[in-house]
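Below: one structure, written as structure tokens.
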Amino acid sequence: MESRKLYIETYGCQMNVVDSEVVAAILLQHNYQLTEEVNEADLVLINTCSIRENAEQRVRTRLRDFGKIKQQNSRVSVGIIGCMAERLKEQLLEEETMVDLVVGPDAYRDLPALLQEVESGQKGINTILSLEETYGDIRPVRMDRNNVTSFVAIMRGCDNHCAYCVVPGTRGRERSRDPETILRETRDLFDNGYREVTLLGQNVNSYQWENGKQNMTFEKLLEEVAGIDPRLRVRFATSHPKDLPDSLLEVVSRFPNLCRAIHLPVQSGSTSVLERMKRRYTREHYMERISAIKKYIPGASISTDLIAGFCGETEEEHQQTLSLMEWVGYDFAYMFKYSQRPDTFAALRYSDDVPERVKGERLTEIIELQMKLSLESKQRDVGQTFEVLVEGTSKKSENQLFGRTSQNKVVVFPKGSFSPGDYAHVRITGCTSATLIGIA
Ligand code: SAH
Ligand code: SF4
Ligand code: F3S
């Protein structure tokens with residue numbers, strides 16, 4: 001039988017990147033092959049994100065393009081997978097009539113069966129969430145193709161229920177993946193030339209695997225992954241500030257290949273806002289955790305996520321976010337305007353009362369401050385030498401390579417005799433707020 005061509009487009013977080021690779025792995029075993037050309041595809045899948053309203057809007061706009069492709073070739077099937085599929089379920093089939101298939105994040109093993117239904121002219125839908133599914137046994141088909149860095153999912157779901165967040169609704173309950181499968185996948189990546197993995201979960205600190213006598217915590221897992229080979233760099237995301245223990249920082253400090261970069265989303269610098277967000281820590285607790293990072297891992301970079309204009313946020317509360325940013329001196333941040341999401345605690349209980357204009361102004365202030373902090377962070381590196389893992393050729397010049405420091409800062413430097421996957425010692429000679437410039 002002639003194989004069918006699959007085109008996948010991925011939106012949202014790193015977890016979705018891995019999920020698309022899992023989906024590819026499942027369908028490649030069922031007579032599909034991947035294509036990067038949407039016009040060649042028999043099946044178009046769009047792996048979606050619901051985190052903010054504009055993430056969903058982008059997908060709706062993109063669906064118009066796929067609708068046109070379908071008009072030209074009626075054999076093409078279009079499927080929505082991921083968080084939007086889970087959030088909207090049947091409603092998506094009703095609203096987007098050109099969509100044939102709606103599959104939530106825990107139902108990807110059902111794709112081959114659902115596609116058979118689609119082939120016979122029906123619509124396919126499965127949005128059942130699971131308490132156990134981790135796709136642990138499936139070896140994801142890597143689509144990134146830099147062949148140097150990769151993500152490895154170690155858990156799924158989230159039990160935290162931050163007031164603003166759709167993730168617990170779209171991803172279901174938190175569950176950890178069998179450590180044997182995590183280690184096998186990571187060893188495989190290393191043997192295939194990969195030199196960096198990022199262990200992924202919504203809240204990696206609560207990783208927990210129990211099986212008879214075996215009791216694996218995140219700290220132990222990290223030690224084992226770091227022990228695979230000193231040439232393999234290991235990162236992890238995301239840590240929740242309410243449970244980032246000293247014991248974890250101590251493990252990071254002991255292994256040079258555990259990267260000197262901690263991503264610790266704060267969301268707001270105001271204790272009262274954090275309480276409304278149901279983040280379950282205070283400004284002071286967060287500051288104490290930052291001090292611990294600086295004590296255990298001197299020179300570590302610290303990055304964060306911030307939300308501007310959450311429900312009821314006053315000017316004073318906003319100022320506390322700015323002052324905390326200054327105090328920490330973040331090296332990098334992802335910054336967002338609060339976007340009310342249906343059925344979240346915040347949507348049901350609070351009023352989205354910060355005017356759009358004010359949200360915009362506050363976000364701009366946050367972004368401008370971070371630009372200054374990012375530049376200062378890069379300037380501190382000028383004159384120093386860093387070990388850089390080479391990832392590829394710079395977009396701007398064929399003669400330049402780019403890679404990252406352990407602190408996760410991007411470095412551009414002349415090619416010399418280095419190739420992707422090599423470690424280069426690069427002396428930093430200059431910088432912008434986004435990039436370090438150096439010579440090897
Ligand atoms: N589990 C991770 C990240 C989840 S989503 C964590 O807890 O840190 C990534 C980021 O999106 C969040 O950290 C938050 O800053 C942002 N975000 C989530 N929901 C949002 C919303 N409704 N509006 C704006 N930003 C949001
Ligand atoms: Fe969302 Fe909070 Fe879970 Fe992160 S920890 S995914 S912000 S509910
Ligand atoms: Fe990720 Fe977006 Fe879902 S951030 S978990 S794809 S809502």
Side-chain angles (χ1 to χ4, degrees), residues 9-20 23 46-59 80-88 104-106 127 129 151 153-175 198-207 236-244 262-269 273-274 276-281 286 303-311 313 321 330 332-348 350 352 354 356 359-360 362-363 366 370:
E9 204 162 280
T10 306
Y11 294 81
C13 63
Q14 300 162 340
M15 198 62 90
N16 259 13
V17 173
V18 172
D19 280 2
S20 288
V23 165
I46 173 158
N47 194 356
T48 59
C49 174
S50 290
I51 200 85
R52 284 166 291 275
E53 198 185 343
N54 59 13
E56 292 200 355
Q57 283 312 334
R58 211 171 305 141
V59 168
I80 301 187
I81 62 174
C83 289
M84 241 176 116
E86 191 62 49
R87 194 178 82 73
L88 294 162
D106 284 348
T127 54
L129 287 171
F151 302 121
I154 64 164
M155 53 206 296
R156 297 180 73 82
C158 183
D159 284 350
N160 280 323
H161 299 286
C162 302
Y164 49 80
C165 187
V166 292
V167 173
T170 62
R171 294 263 162 183
R173 296 302 300 268
E174 180 182 288
R175 68 216 93 125
T198 303
L199 306 181
L200 289 184
Q202 299 298 346
N203 180 12
V204 290
N205 306 115
S206 58
Y207 178 90
F236 52 87
T238 304
S239 299
H240 194 298
K242 79 176 158 55
D243 35 32
L244 176 79
I262 302 288
H263 185 60
L264 200 63
V266 69
Q267 316 300 357
S268 166
V273 173
L274 290 169
R276 291 202 292 284
M277 288 179 165
K278 291 158 82 60
R279 287 288 286 180
R280 292 185 282 166
Y281 54 85
Y286 186 87
S303 54
T304 201
D305 294 354
L306 293 157
I307 298 177
F310 185 63
C311 306
E313 187 186 70
T321 295
Y330 287 115
F332 181 80
Y334 294 101
M335 299 157 281
F336 312 104
K337 247 193 272 185
Y338 172 59
S339 163
Q340 178 173 276
R341 308 307 293 129
D343 300 323
T344 54
F345 185 88
L348 299 172
Y350 306 143
D352 182 11
V354 177
E356 197 51 32
K359 282 184 189 171
R362 289 181 185 168
L363 180 64
I366 288 173
Q370 188 52 48

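Note that ligands are numbered from 1 as they come in the structure, with each ligand's atoms numbered from 1 the same way. These numbers come from a predicted model, not from an experiment.
- Summary of contacts: the protein heavy atom closest to atom 5 (S) of ligand 1 is I51 CD1, 3.5 Å.
- Judged by distance alone, the side chain of R362 and the main-chain N or O of E313 form a donor-acceptor pair under 3.5 Å.
- Interface atoms of ligand 3 facing N16, defined by a heavy-atom separation under 4.0 Å, are 6 (S).
- Looking at C162 and R279, their side chains come closer than 4.5 Å, going by heavy atoms from C-beta outward.
- Under 4.0 Å from ligand 3, heavy atoms of C13 appear from its side chain as well as its backbone.
- Using a distance-only test at 3.5 Å, with no hydrogens or angles considered, no donor-acceptor pair links the side chain of T238 to the main chain of N203.
- Counting only N and O atoms by type, the side chains of T10 and S20 include a donor and acceptor under 3.5 Å apart.
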Practice task
Start with the C-alpha distance between Y330 and V266, add both sets of side-chain angles, then the distance that settles side chain to side chain contact (heavy atoms under 4.5 Å, CB included), and finish with yes or no.
Solution key: CA-CA 11 Å; Y330 287 115; V266 69; 3.5 Å; yes
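- The protein atom (non-hydrogen) at minimum distance from atom 7 (S) of ligand 2 is Y164 OH, 3.4 Å.
- Those atoms of ligand 2 that come under 4.0 Å of a heavy atom in C158, given as number and element, are 3 (Fe), 5 (S), 6 (S), 8 (S).
- The protein non-hydrogen atom at the shortest distance from atom 19 (N) of ligand 1 is Y164 CD1, 3.2 Å.
- The protein heavy-atom contact nearest to atom 24 (C) of ligand 1 is K337 O, 3.3 Å.
- Nearest non-hydrogen protein atom to atom 6 (C) of ligand 1 is T238 CG2, 3.9 Å.
- If you check which protein heavy atom lies closest to atom 5 (S) of ligand 2, you get N160 ND2, 3.3 Å.
- Between Q202 and N160 there is no side-chain heavy-atom pair separated by less than 4.5 Å.
- Annotation for ligand 1: atoms under 4.0 Å from non-hydrogen atoms of R341 are 22 (N).
- Contacts with ligand 2 closer than 4.0 Å are made by no heavy atom of P265, backbone or side chain.
- Near S50, with a cut-off below 4.0 Å to any heavy atom, the atoms of ligand 3 are 2 (Fe), 7 (S).
- The shortest N/O to N/O separation between R52 and ligand 1 falls below 3.5 Å.
- Nearest to atom 1 (Fe) of ligand 2 among the protein's heavy atoms is C165 SG, 2.3 Å.
- Side-chain contact between R171 and C158 is absent, with no heavy atoms from C-beta onward closer than 4.5 Å.
- Shown here for G201 and M155, the closest heavy-atom pair between the two residues is CA-CG, 3.6 Å.
- Classification of R280 and D243 as a salt-bridged pair fails, no side-chain N sitting under 4.0 Å from a carboxylate O.
- Given atom 23 (N) of ligand 1, the protein heavy atom at minimum distance is S339 N, 3.0 Å.
- A donor and an acceptor atom, one from each side chain of T198 and Q14, are nowhere located under 3.5 Å apart.
- The shortest heavy-atom distance from Q202 to ligand 3 is under 4.0 Å.
- Short contacts between ligand 2 and R279, defined as distances under 4.0 Å to a heavy atom of the residue, involve ligand atoms 2 (Fe), 7 (S).
- When the heavy atoms of M15, R171, R52 are ranked by distance to atom 5 (S) of ligand 3, first place goes to R171.
- For atom 2 (Fe) of ligand 3, the set of nearby N, O or S atoms under 2.8 Å includes one belonging to C49.
- For I307, the closest heavy-atom approach to ligand 1 falls below 4.0 Å.
- Summarising the geometry, atom CG belonging to L264 is positioned 8.5 Å from atom OG belonging to S303; distances are rounded to the nearest 0.5 Å.
- Taking the side chain as every heavy atom from C-beta outward, K337 and R52 never approach each other to under 4.5 Å.
- Classified by interplanar angle (parallel below 30°, tilted 30° to 60°, perpendicular above 60°), the ring pair F336/Y334 is parallel.
- Contacts of R279 with ligand 1, taken as heavy-atom pairs under 4.0 Å, involve the side chain alone.
- Distances below 4.0 Å separate heavy atoms of P168 from the following atoms of ligand 2: 8 (S).
- For the pair L363 and M335, the minimum side-chain heavy-atom distance is below 4.5 Å.
- A donor-acceptor contact under 3.5 angstrom links the side chains of Q267 and Y164, judged on distance only.
- Of all protein heavy atoms, the one lying nearest to atom 13 (O) of ligand 1 is D305 OD2, 2.6 Å.
- The residue T344 has no part lying near ligand 1, judged by heavy-atom distances below 4.0 Å.
- Close approach of ligand 3 to C83 is summarised as follows: ligand atoms under 4.0 Å from at least one heavy atom of the residue are 3 (Fe), 5 (S), 6 (S), 7 (S).
- In summary, the atoms of ligand 2 found under 4.0 Å from a heavy atom of H161, numbered by their order in the structure, are 8 (S).
- From the protein, the heavy atom lying nearest to atom 14 (C) of ligand 1 is Q267 OE1, 3.3 Å.
- Salt-bridge check for R156 with D106: passed, with a basic side-chain N closer than 4.0 Å to an acidic carboxylate O.
- Put simply, the side chain of T304 reaches to within 4.5 Å of the side chain of Y286, judged on heavy atoms.
- Using a 4.5 Å heavy-atom cutoff, the side chains of T321 and L306 are in contact.
- Counting heavy atoms closer than 4.0 Å to ligand 1, residue F336 contributes side-chain atoms (C-beta onward) but none from N, CA, C or O.
- For ligand 1 and P265, the ligand atoms under 4.0 Å from any heavy atom of the residue are 8 (O).
- Note on ligand 3: G82 sits outside its first shell, no heavy atom being nearer than 4.0 Å.
- Of all atoms in ligand 1, numbered sequentially from 1 with element shown, those under 4.0 Å from a heavy atom of Q202 are 1 (N), 2 (C), 3 (C), 4 (C).
- Distance from atom 8 (S) of ligand 2 to its nearest protein heavy atom, with residue and atom name: C162 N, 3.4 Å.
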